[in-house]
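The block underneath contains the structure these notes are about, expressed in structure tokens.
All chains are named by letter (A, B, ...) in the order of the sequence lines, taking the proteins before the strands, and each is independently numbered beginning at 1.
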Protein chains: 2
Amino acid sequence: MQNRTLELLKSYHLKATPQRIEILNVIESLGHANIDEIYEVAKKKHSTMSLATVYKNITALLEKNILNEVALNNFKSKYEIVKDRHAHLVCKECGYVQDIELNQEIKHISKDISSDYNFNFENLELNIYGVCSKCSK
Amino acid sequence: MQNRTLELLKSYHLKATPQRIEILNVIESLGHANIDEIYEVAKKKHSTMSLATVYKNITALLEKNILNEVALNNFKSKYEIVKDRHAHLVCKECGYVQDIELNQEIKHISKDISSDYNFNFENLELNIYGVCSKCSK
DNA sequence: TCCTAATTAATAATTTTTATTTGTAATAAT
DNA sequence: ATTATTACAAATAAAAATTATTAATTAGGA
Ligand SMILES: [Mn+2]
Ligand SMILES: [Mn+2]
Ligand SMILES: [Zn+2]
Ligand SMILES: [Zn+2]
């Protein structure tokens, strides 16, 4: 558990409960995880944890921008700790999501958008679908 | 209803039923639509249409690659007729999705991926989130 | 240490999606 | 054209996913 995250929680008046900390730990250790994956792993440490608790926490942490949703074609959304801009490799077979560097080219797309279209740019999401090395053999 | 679409249906042994044609018409006219939007509009022409019929058709048309899913953060997935590669402007307020040209830069990302990472590239999805002109005033 | 608001587990309720069944209709075969 | 075949639709039920409610617990501040 990062100290930074604890401070984030405090600054948003979110209590650092064991359940919440565990949820964040699970997400951090898995990188990207959906509701069920988080619940399954977190339950090991907190056997009484309710699935509704996972839902409520995910919602709260998304609202505070501590977590980020990664909506996927054909899979349930995954969640990740908010971090610097990056892109995703998404395996169509197993749903595994891998972070990759966001190419330099993409970084200036945002500038174009606001001028080319009458659109108030906020953030950009690049997901690259294919088959991961594990699944392709 | 495009003749091309009718041929597509036939080639995949999907019957060109009035309901299915109407679903495709609705998606085409709206550009991007989620299950409920499709159902609401389609019901006007076919008052007895069941929501389950929309689900079944969307699934079938996705499998045949006639439709494409657009998974969105914070909104239900939308569906569109498969078309040439393009990017999306997504309004965080109202969920409206607008097609935009996929910048030239992005077109060659695919080449890098397969070599840089051990990943069998299939397709790429670029969603740009922000606030549309309608919602920002 | 005490207080209070936030949080949790448990449970119920709601919403979303999928499955089943049975009659119907689109297409192919005759 | 008529019939046969099979996919399909509507209706309904079932299952899965998400959210709401409640009462007890607890984290964090006074
Ligand atoms: Mn990521
Ligand atoms: Mn589109
Ligand atoms: Zn894989
Ligand atoms: Zn909007």
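When rounded to the nearest whole Å, the span between CZ of Arg20(B) and P of dA10(D) equals 11 Å. With rounding to whole Å, Ile35(B) atom CD1 is found 14 Å from dT15(C) atom C1'. Between the CE atom of Met49(A) and the C1' atom of dT7(C) there is a distance of 12 Å, rounded to whole Å. The distance between atom CD1 of Ile58(A) and atom C1' of dT18(D), rounded to the nearest whole Å, is 13 Å. One can place CG of Asp36(B) at 14 Å from C1' of dT18(D), the figure rounded to the nearest angstrom. Distance, Tyr55(B) OH to dA16(D) P: 15 Å, rounded to whole Å. Distance Phe75(A) CZ to dT17(C) P: 17 Å, rounded to the nearest Å. Remark: P of dT8(C) and CD1 of Ile21(A) are 10 Å apart, rounded to the nearest angstrom.
Side-chain atoms of Ser77(A) and Glu69(A) form a donor-acceptor pair, as typed in the model, at a separation below 3.5 Å. Side-chain contact, Gln98(B) with His86(B): no donor N or O sits under 3.5 Å from an acceptor N or O. Using modelled atom types, one finds no donor on one side chain facing an acceptor on the other under 3.5 Å when comparing Gln19(B) with His46(B).
If you check dC2(C) for Watson-Crick or wobble pairing at under 3.5 angstrom, you find it paired to dG29(D).
For dT8(C), the OP1/OP2 oxygens have no side-chain nitrogen or oxygen of Thr53(A) closer than 4.0 Å. Considering only side-chain N and O atoms, Asn34(A) lies nowhere under 4.0 angstrom from the phosphate OP1 or OP2 of dA17(D). Dashed line: the shortest gap from a side-chain N or O of Ser50(B) to OP1 or OP2 of dA11(D) is not under 4.0 Å.
Nearest to the side-chain atoms of Leu51(B) among the listed nucleotides dA10(D), dT8(C), dT17(C) stands dT17(C). Closest to the side chain of Gln19(A), out of dT7(C), dT17(C), dA9(C), is dA9(C).
Contact check on Glu37(B) versus Lys78(B) returns a salt bridge, with a Lys/Arg side-chain nitrogen under 4.0 Å from an Asp/Glu carboxylate oxygen.
With rounding to the nearest 0.5 Å, the separation of NZ in Lys92(B) from SG in Cys132(B) is 13.5 Å. Leu24(B) contributes atom CG, which lies 5.0 Å from atom CG of Leu61(B) (distance to the nearest 0.5 angstrom).
Comparing Lys76(B) and His46(A) by the nucleotide of DNA chain C whose heavy atom lies nearest to each, the residue mapping closer to the 5' end is His46(A).
Summarising the local packing, CD of Glu122(B) is surrounded by more than 12 heavy atoms from other residues, nucleotides or ligands at distances under 6.0 Å.
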> Reading nucleotides 19-30 of chain C from the 5' end, what letters show protein touch, with B for base, S for backbone sugar-phosphate only, - for no heavy atom under 4.0 Å?
Replying inline: B------BS---
